[in-house]
Undergrad: 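Can you keep this structure in mind? I'll have questions shortly.
Because the structure is a prediction, the values reported are computed rather than measured. A, B, ... follow the sequence lines: proteins, then strands. Residue 1 opens every chain.
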Amino acid sequence: DQQVKQNSPSLSVQEGRISILNCDYTNSMFDYFLWYKKYPAEGPTFLISISSIKDKNEDGRFTVFLNKSAKHLSLHIVPSQPGDSAVYFCAAGGANSKLTFGKGITLSVRP
Amino acid sequence: NAGVTQTPKFRILKIGQSMTLQCAQDMNHNYMYWYRQDPGMGLKLIYYSVGAGITDKGEVPNGYNVSRSTTEDFPLRLELAAPSQTSVYFCASSYSGGRIYGYTFGSGTRLTVV
């Protein structure tokens, strides 16, 4: 039973446009959420996080939005750059401090 | 500052062999984790530790063992390797569960069991 779902396996966007990566979760006990970026042959790297008490967190070109009632979060990348091409994982955690990861989405940014 | 170091990077094992995947961190993080990633799948938690001397099972612990004798090291032991353990293994660490700054991951160990 997947508690964190990234239903789209891939996304392709034009350089300079917005990339929107979506994530859904089922466990109401999750109270913080993170996005990771992963390049081939490397470990995931932390990108941005959001607490359940917020609905938006911004860091440069990256913004994460959280809709608790819908159990949905999204990562917006504006403007998208070719170097953003990677696999993006959504992750969620609760009081036990263990993260549950989605399957990831492959983002391709076309020059 | 090396972060999280995993060795080896690649390994091929025969069915029934054993090995230890090494993980070390130099950030004085109290929490450490082992995840595996199968093709097209997310990361699944194998074992984790909240401090030296304390370990607990994650989602997929069968076939693995861990120990945490120091803050820095968190080795993962595979006993009697099986083809189902073919995967990429990631070690990670965090300060107090990674609530704000997430986990720091190593670069992974790609294991093939034949």
Side-chain angles (χ1 to χ4, degrees), chain A residues 1-10 21 23-27 29-54 57 59 62 64 66 73 75 86-106, chain B residues 2-10 21 23-25 27 29-51 54-61 87-111:
Chain A
D1 178 33
Q2 268 192 286
Q3 297 187 66
V4 178
K5 301 178 185 180
Q6 296 178 259
N7 293 320
S8 301
S10 62
L21 289 67
C23 179
D24 298 293
Y25 63 96
T26 58
N27 190 338
M29 301 305 292
F30 290 143
D31 63 357
Y32 63 106
F33 306 87
L34 306 93
W35 284 94
Y36 282 83
K37 178 179 180 179
K38 185 183 181 302
Y39 292 119
E42 294 183 9
T45 55
F46 169 73
L47 201 55
I48 193 169
S49 66
I50 188 166
S51 164
S52 61
I53 63 173
K54 293 188 171 183
N57 189 26
D59 184 1
F62 303 92
V64 56
L66 175 63
L73 62 153
L75 175 68
V87 177
Y88 288 79
F89 290 100
C90 171
N96 61 14
S97 297
K98 295 186 291 185
L99 289 180
T100 299
F101 286 81
K103 290 185 178 182
I105 179 171
T106 301
Chain B
V4 177
T5 302
Q6 289 184 239
T7 56
K9 292 192 182 302
F10 304 95
L21 281 65
C23 176
Q25 54 95 5
M27 297 170 286
H29 284 170
N30 47 349
Y31 286 65
M32 294 189 76
Y33 313 83
W34 275 106
Y35 282 86
R36 60 178 284 176
Q37 184 190 14
D38 299 326
M41 303 296 289
L43 287 80
K44 293 190 182 296
L45 182 64
I46 305 171
Y47 270 95
Y48 68 105
S49 168
V50 300
I54 306 169
T55 62
D56 207 348
K57 296 177 181 178
E59 187 181 355
V60 289
S87 190
V88 181
Y89 292 82
F90 290 102
C91 178
S93 70
S94 73
Y95 179 72
S96 294
R99 199 162 264 276
I100 298 174
Y101 300 111
Y103 299 172
T104 301
F105 281 87
S107 58
T109 295
R110 184 174 294 275
L111 175 67

Undergrad: Would you check if B:Gln37 and A:Phe89 make a side-chain contact, meaning some heavy-atom pair closer than 4.5 Å?
TA: yes

Undergrad: Could you check if a side-chain atom of A:Leu99 sits within less than 4.5 angstrom of a side-chain atom of B:Tyr33, using non-hydrogen atoms only?
TA: no

Undergrad: Go through the atoms of B:Gln6 and report whether side chain, backbone, both or neither lie under 4.5 Å from a heavy atom of chain A.
TA: neither

Undergrad: Does any backbone or side-chain atom of A:Leu47 lie under 4.5 Å from a heavy atom of chain B? Answer side chain, backbone, both or neither.
TA: neither

Undergrad: Decide if atom OH of B:Tyr95 counts as having more than 12 heavy atoms of other residues, nucleotides or ligands within a radius under 6.0 Å.
TA: no

Undergrad: Measure B:Leu45 against the heavy atoms of chain A and call it side chain, backbone, both or neither at under 4.5 Å.
TA: side chain

Undergrad: Between A:Tyr36 and chain B, with a heavy-atom cut-off of 4.5 Å, which part of the residue counts as in contact: side chain, backbone, both or neither?
TA: side chain

Undergrad: By a 4.5 Å heavy-atom criterion (distance strictly below it), what part of A:Ala91 contacts chain B: side chain, backbone, both, or neither?
TA: neither

Undergrad: Please identify, among A:Lys98, A:Lys38, A:Gln6, A:Gln2, the residue contributing the most non-hydrogen atom pairs under 4.5 Å to chain B.
TA: A:Lys98

Undergrad: Hey, could you give me the CD1/OH distance between A:Ile48 and B:Tyr101, rounded to the nearest 0.5 Å?
TA: 12.5 Å

Undergrad: So for B:Tyr103, is it side chain, backbone, both, or neither that comes closer than 4.5 Å to the heavy atoms of chain A?
TA: both

Undergrad: I need the residue from B:Asp56, B:Asp38, B:Leu43 with the largest number of non-hydrogen atom pairs under 4.5 Å to chain A.
TA: B:Leu43

Undergrad: With the side chain counted from C-beta on, respond yes when A:Phe46 and B:Thr104 share a heavy-atom pair under 4.5 Å apart, and no when they do not.
TA: no

